[in-house]
Amino acid sequence: MSEHYYNKKDLAKFSKVADFQKNLGDKFFDYYGEVFKDSELTAREKALIALAVSHAVQCPYCIDAYSSDAFEKGWSEAQMMEAVHVACAIRGGASLVHGVQMMEKVKEIAM
Amino acid sequence: MKSLKAQHHILADAYAQIGIIEHGMSDDLVLPLFREKLRQSGLYPLKPTEITIFQVNIGKMCNQTCKHCHVDAGPDRKEIMTRETMQQCLAVLEENEQLKTVDITGGAPEMNPEFRWFIAEIAKLNRHIIVRCNLTIILANRKYHDLPRFYKQHRIEVVSSLPFYTQDRTDRQRGNGVFEDSIKALQLLNEVGYGKAGTGLVLNLAYNPAGAFLPPSQAALESEYKEVLEQRFGIVFNNLLAITNLPISRYLDYLLISGNYESYMEKLVNAYNPIAAENVMCRNTISVGWDGYLYDCDFNQMLELQVDCSGKHIREFDAGALAKREIITGQHCYGCTAGSGSSCGGAIAENGPKR
């Protein structure tokens, strides 16, 4: 094992996870491949969604992969940053919306 | 920006380039040899199929100095083909009917003062003519403004570089103001009928990545180009050719300076596609340099790797020897076999060859 929890080169070994559980690994990668094909959404649109989600889940491997993929598929730097802001807004909003719960609890117990 | 040659850059030397491409910059990078990949695909030694495309590079002179240019072309390059060499090319075309397509490239081929004469002579031989036009040349000087009409007069297929449908990516690769001038030039080509249904005047655009990555799907990209160019600028065209940047000359310089060389080479190797290898353009093309020497492709030409058979110059053209020769390959060839493959006609393993 490397000295660091995250190693850039591990991204290229992603498919090796199937070595320990081939059946589930193969099913996952088949599904994964199918998800990113052109369908109701284009592969290009999916790359931008994946980039935003990568930031929401804060996965450095995903950010590496989908920064490249989204740029290669023609999204501009500004568009990619807007996608990151969408992730940020949802994450921030998810915290903030719980403020309603806090307010109601406080109102419940306050004189 | 000056050419590598004008800078006396080490990469202006073909042997130095080959050394880097074949052996890398560090001992850490060990890549499988391209010829071994070909062997595994049952294609080594690589042999021609039928040579039908006669590609002529009539000079390295260009009005642009693009960052990715494999020719290292630019305004400071003075090497251009003479009329004498063009006459030798015409003699070969007369004697070899199987050379159905003549593909004229450069630099900016229009800057060669013999360009129009050469095209008119080829047209008399009833061949399909392609001119690789960088678009901005049409606006560069008044004497080039009538090029769209000239192309139309000779029913030339125009292949124009437009690395992207947005200004930022295009200008980053090809220089400030190139996108705007390219759009104007495309509108002028459309005005005379190029790219329009029913005219028979073919206008194809060439995409190549503005960075260290491979082209995305050619078909998907073509749809995006068509939608954006028509909506924003009223421009129409026929096909988009997605071309991979090969790691030579100025693009190699970019890869090395930006620290992307090793990862790019790994990307090319990992994306090796045997179907693309089977369809590489060097199997049906012969490339003629500005000085008349013959090469397997325009990339081997820039690496000064002359054909490996007798008759290395156009004046001693030997169709029989060329048909039997072994095509010279190297690590740079991974650029033509990665993913959907790449050729002067675009992807070669996505929807089949363009021609």
Side-chain angles (χ1 to χ4, degrees), chain A residues 2-4 6-19 25 29-30 32-54 59-85, chain B residues 28-31 68 162-173 179 205 207-229 231-232 240 242-245 255 258-260 262-271 338-340 342 347 350-351:
Chain A
S2 78
E3 288 299 306
H4 305 282
Y6 286 118
N7 183 341
K8 185 178 164 66
K9 291 191 172 173
D10 284 350
L11 177 57
K13 300 176 193 163
F14 187 17
S15 61
K16 299 273 181 200
V17 299
D19 289 356
F29 287 114
D30 286 348
Y32 194 99
E34 199 64 32
V35 163
F36 280 94
K37 282 183 181 166
D38 278 319
S39 186
E40 296 301 315
L41 294 172
T42 64
R44 183 171 182 267
E45 290 164 336
K46 290 174 183 178
L48 195 66
I49 295 170
L51 178 72
V53 175
S54 302
C59 166
Y61 301 118
C62 310
I63 292 170
D64 184 340
Y66 287 100
S67 296
S68 300
D69 194 41
F71 192 73
E72 289 173 22
K73 288 190 163 65
W75 295 108
S76 70
E77 288 95 325
Q79 288 169 323
M80 288 165 65
M81 187 55 84
E82 280 192 23
V84 172
H85 276 290
Chain B
D28 295 343
L29 183 67
V30 181
L31 296 171
H68 71 298
L162 189 70
F164 209 57
Y165 50 72
T166 60
Q167 182 172 353
D168 60 339
R169 288 202 190 192
T170 301
D171 286 1
R172 260 189 258 178
Q173 183 184 90
F179 182 75
L205 298 185
Y207 159 92
N208 58 292
F213 53 91
L214 302 183
S217 153
Q218 180 173 273
L221 203 56
E222 182 178 288
S223 303
E224 289 160 32
Y225 263 68
K226 286 192 167 170
E227 190 181 330
V228 174
L229 290 179
Q231 278 181 2
R232 291 189 195 161
L240 183 79
I243 298 177
T244 304
N245 292 314
L255 290 174
S258 63
N260 279 304
E262 293 190 2
S263 61
Y264 189 72
M265 289 305 295
E266 282 172 344
K267 202 174 279 192
L268 292 182
V269 172
N270 292 337
S340 300
S342 181
E350 186 170 275
N351 297 315

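Each chain gets a letter, A, B and so on, in the order the sequences are listed, and its residues count up from 1. Computed from a predicted model, the values in this text were never measured in an experiment.
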Heavy-atom proximity to chain A below 4.5 Å, by part of B:Y225: neither
Contacting moiety of B:A212, where chain A heavy atoms sit under 4.5 Å: neither
Contacting moiety of B:E266, where chain A heavy atoms sit under 4.5 Å: neither
task: Tell me the residues of residues 64-82 of chain A whose non-hydrogen atoms fall below 4.5 Å from those of chain B, in number order.
output: A:F71, A:E72, A:K73, A:G74, A:W75, A:S76, A:E77
query: Non-hydrogen atoms of chain A under 4.5 Å away: do they reach the side chain of B:F164, the backbone, both or neither?
result: side chain
message: Taking side chain as everything from C-beta outward and backbone as N, CA, C, O, which of these in B:L221 sits under 4.5 Å from a heavy atom of chain A? Side chain, backbone, both or neither.
response: neither
- prompt: Roughly how far, to the nearest 0.5 Å, is NZ of A:K8 from OG of B:S263?
  reply: 7.0 Å
